[in-house]
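One structure is given below, encoded as structure tokens.
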Amino acid sequence: HLRFKSDTINKRNLEVWSKMKENKNLEFKSAVTNSFLKTVSAYSNFGEGMILFGVNDDGSVCGIKNLQQTCLDIENRINDSILPKPDFEIETDDLQNIIRLIIHEGQYKPYLYKGKAYRRSDTASLEVDQAELKQLVLQGSNLYFEELPCGRADLAFKELNSKLMEKIGYNGCIGRYFAYPWVVYER
């Protein structure tokens, strides 16, 4: 699930990021704390995103000490805390001491941190509600609500049909058969 690059992040990209503000798909972290794990859950559940470690909220670079150990710490925190394991990449910039964590939207949803699924709302990672959680479970099963089988085999539209016939003034009788305009069946 982890792809690791020990490259220098393109200096031009860093200049662009430093001018950007945090948004739905970009988060800045000056240090590694467990709070980033909610964001990993959110990106895995609802769309790709990136976390830059060693960058202050205003976009200025503060750097991270001991990049390799911190990368290992990030990897371990993700693998130990989020189920199922998300798909992510870690890149480092040895000159600026920045770590770039790219999280890809997963196919085995929901991705849970401490038993809860998260989504992004602007710059915050929020717990999903019950309806969103059900939708994530269906997506993780490659199902959608409209495709779910009905648990009842006795579905009929007799009440609807009765009201419709009453409304249009149709009594439905044809000899010993009772007929709806689209169905004929014996009484």
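Every value quoted in this text rests on a predicted model; they were computed, and no experiment measured them.
The main-chain N or O of Glu48 is found under 3.5 Å from a side-chain atom of Asn25 such that the two form a donor-acceptor pair. Under the 3.5 Å distance criterion, the side-chain polar atoms of Ser41 are left unmatched by any main-chain donor or acceptor of Leu37.
Using a 4.5 Å heavy-atom threshold, the side chains of Ser44 and Asp87 count as separate. A heavy-atom distance below 4.5 Å is not found between the side chains of Phe28 and Ile51. Put simply, the side chain of Lys38 does not reach to within 4.5 Å of the side chain of Glu127, judged on heavy atoms. Inter-residue side-chain proximity for Leu101 and Phe36 is flagged as met; some heavy-atom pair is nearer than 4.5 Å. Using a 4.5 Å cut-off on side-chain heavy atoms (C-beta onward), Cys71 and Ile99 make contact. For the pair Phe88/Ile74, no side-chain contact is recorded, criterion being any heavy-atom separation below 4.5 Å from C-beta on.
Lys29 and Ser35 are linked by a side-chain donor-acceptor pair at a separation below 3.5 angstrom, with hydrogens and angles left out of the test. For Asn56 and Ser60, the side-chain atoms include at least one donor-acceptor pair closer than 3.5 Å. Side-chain contact of Asn45 with Arg119: a donor-acceptor pair under 3.5 Å is absent, judged by distance alone.
Side-chain heavy atoms closer than 4.5 Å link hydrophobic residues (I, L, V, M, F, W, Y) into clusters, and following such links, even through other members, never connects Tyr118 to Leu133. Cluster annotation: Ile82 is not connected to Phe46 through the hydrophobic network of ILVMFWY side chains, with a link wherever side-chain heavy atoms come within less than 4.5 Å. Hydrophobic clustering, with ILVMFWY side chains joined whenever heavy atoms are under 4.5 angstrom apart, groups Ile102 together with Ile98. Cluster membership check: Ile103 shares its hydrophobic cluster with Tyr108, using side-chain heavy-atom separations under 4.5 Å among Ile, Leu, Val, Met, Phe, Trp and Tyr.
Salt-bridge formation is detected for the pair Glu27/Arg120: a Lys NZ or Arg NE/NH1/NH2 atom is positioned less than 4.0 Å from an Asp or Glu carboxylate oxygen.
Note that SG of Cys62 is 10.0 Å distant from CG of Asn97, once rounded to the nearest 0.5 Å. Taking CG from Leu136 and CG from Leu112, the interatomic distance works out to 9.0 Å, rounded to the nearest 0.5 Å. How far OG1 of Thr70 is from CD of Glu75: 13.0 Å, rounded to the nearest 0.5 Å. Distance check, rounded to the nearest 0.5 Å: CG of Leu126 to NZ of Lys116 gives 12.0 Å. One finds the CG atom of Leu72 at 9.0 Å from the CD atom of Gln68 (value rounded to the nearest 0.5 Å).
Partners of Tyr113 by ring-ring contact (aromatic ring centres under 6.0 Å, His included), not counting sequence neighbours: none found.
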Next on the checklist: Set out, in order, the CA-CA distance, both residues' side-chain angles and the distance that settles side-chain contact (heavy atoms from CB on, under 4.5 Å) for Val137 and Lys109, then state yes or no.
Outcome noted: CA-CA 6 Å; Val137 169; Lys109 300 169 184 176; over 6 Å; no
Next on the checklist: One pair to check against side-chain contact (heavy atoms from CB on, under 4.5 Å): Glu89 and His104. What are the steps and the verdict?
Outcome noted: CA-CA 8 Å; Glu89 301 173 47; His104 302 284; 2.7 Å; yes
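Annotation for Thr33 and Arg77: closest pair C-NH1, 3.4 Å, computed over non-hydrogen atoms. The shortest heavy-atom contact between Lys24 and Tyr43 is O-CE2, 3.1 Å. Listed here is the closest heavy atom pair of Leu95 and Asp93: N-OD1, 2.9 Å. Closest approach of Phe53 and Ala31 over heavy atoms only: CD2-O, 3.9 Å.
Checked options Ile64, Leu52, Val61; the residue passing with Gln96 is Val61 (criterion: side chain to side chain contact (heavy atoms under 4.5 Å, CB included)).
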